[in-house]
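Single-structure report; data block below.
Scope of the values below: all heavy atoms of this structure, side chains included, with no hydrogens, waters or symmetry mates. Just so we're clear, the structure is a prediction, and the values are computed from it rather than from any experiment. Read the numbers this way: they start at 1 and go in the same order the structure lists the ligands and their atoms.
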Amino acid sequence: MVRADFPYFSHHPQDVYLDSAATTHKPSVVIEAVRACYENYAPIHRGLYRSSVELSDQYEQVRSTAAAFIGAIPEEIIFTKNATEGLNLLAHGLPLAESWKEGDEVIVSVADHHAVILPWQEAAKRHGLSLRYLELDEQGAIDLESLSSILSERTKAIAITHVSNTLGSITDLPRLRDILTTRGSEAIVIADACQSVAHFPISVGSLGADFLVFSGHKLYAPAGTGVLWGRESMLSSLPPLLTGGDMVVQVGRLESAYLPPPQRFEAGTPATEAVIGLGAALGYLSQVGMEAVRQHTHDLALAFFDQLRPVPGLSILASPHPDSGIISFSMQGVHAHDVAQFLGDRRICVRAGQQCAALAHGAMGVPASVRVSLGIYSTPEDIAPLVTGLTDLYHLFHG
Ligand code: PMP
């Protein structure tokens, strides 16, 4: 689609890069934006001189770009260092509200990334909450229809992955909201959009979530950037995770008053250059068009499915949605790490292991899997080396 925009591929022309769900390469416009930022560097939000004011304006412009990208308003966009930080911020802050009591319940799913599950396990220990789990349906997707059976009047929040980084399933978040509305539940919905926001258009207005998080490095932006979006009404009562400089109105000896969101959640010196890079990445994706990105991923994933299915000994895990660009599989009699090592020796880059989703693997009854994941630079030419590699590997192990 746009491979020439990514210098990685001219530096590594032999690589077949199929690990974009782990992290993505950066287009030249992002690299150039980071370089230009360094060439005009200044502290932001505090200098009263021109370079500082200009860079502060650019930084705040990225907030507007990020808001437009997901159909939000800039005041609802909080910059974090990654999705993990956003998810921790919520698991830390939400239970501190007066309305949360010991014995309240939070629902997560077995398909969730550890970055969703672990912060809530910790919060459950701290606040005496109960953690309930949504299981998988027969297709290996999150079974939303079983939500009613675990939902109760004590359910305070549901933290759930939008696209599973392992199963490649898409959670129907508007359906989730419908179920909650029908049941009269006011549970807060937190969507982990790490694997969705880079693959198809998202508008928070129609998604039915109250909070949404994603990481910049998975959508062609520098690492060290992430976005936490929250409804303005919810952010205003949420306490910060980090306190310090750049987030206070007034500091006293015992008490201090914090700025309103989003500044309240952005204590300390930010990764300015990385956020500028994030703005360039979002601009780049908007130019390509997220609908075109979705179509590209969809068509290419179908071509991968077609050619992977006949590979001897290969079983595709669950029923990945082609829009996710994620296909996990196992090979009969070969450990996932051996598969990845064998492919890696041929410069085919895939992920192997539990992919930070141990419970999803447990639910599917497999110890580990191999994951192929697509990016906007992936092409049909990536398929043949993978299929040949896997077929050769099967014959090596099975004669
Ligand atoms: N959620 C999902 C679905 C992910 O794929 C990842 C990254 N693998 C994360 C959360 C955490 O992202 P990060 O490590 O960038 O914070």
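The aromatic rings of Phe9 and Tyr377 are tilted relative to each other, their planes meeting at an angle between 30° and 60°. Using a 30° and 60° split on the angle between ring planes, Phe6 and Tyr220 fall in the perpendicular class, above 60°.
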Would you mind writing out the side-chain donor-acceptor pairs for residues 326-335 within the sub-3.5 Å range, not counting sequence neighbours?
| unit_1 | atom_1 | unit_2 | atom_2 | d |
| --- | --- | --- | --- | --- |
| Ser328 | OG | Thr166 | O | 2.6 |
| His335 | ND1 | His337 | N | 2.9 |

Please report, to 0.1 Å, the donor-acceptor pairs under 3.5 Å made by any side chain of residues 298-312, with sequence neighbours excluded.
| unit_1 | atom_1 | unit_2 | atom_2 | d |
| --- | --- | --- | --- | --- |
| His298 | ND1 | Asp323 | OD1 | 2.7 |
| Asp299 | OD1 | Gln295 | NE2 | 3.1 |

Show me the donor-acceptor pairs within less than 3.5 Å that the side chains of residues 125-133 make with the rest of the protein, sequence neighbours left out.
| unit_1 | atom_1 | unit_2 | atom_2 | d |
| --- | --- | --- | --- | --- |
| Lys125 | NZ | Glu122 | OE2 | 2.9 |

When you pair each N or O of ligand 1 with protein N or O atoms, which pairs come out under 3.5 Å?
| unit_1 | atom_1 | unit_2 | atom_2 | d |
| --- | --- | --- | --- | --- |
| ligand 1 | 1 (N) | Asp192 | OD1 | 3.3 |
| ligand 1 | 1 (N) | Asp192 | OD2 | 2.5 |
| ligand 1 | 5 (O) | Gln195 | NE2 | 2.7 |
| ligand 1 | 8 (N) | His113 | NE2 | 3.1 |
| ligand 1 | 8 (N) | Lys218 | NZ | 2.8 |
| ligand 1 | 15 (O) | Ser215 | OG | 2.6 |
| ligand 1 | 15 (O) | His217 | NE2 | 2.7 |
| ligand 1 | 16 (O) | Ala83 | N | 3.4 |
| ligand 1 | 16 (O) | Thr84 | N | 2.9 |
| ligand 1 | 16 (O) | Thr84 | OG1 | 2.5 |

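For the atom pair CD of Glu75 and CD of Gln263, the computed distance is 9.0 Å after rounding to the nearest 0.5 Å.
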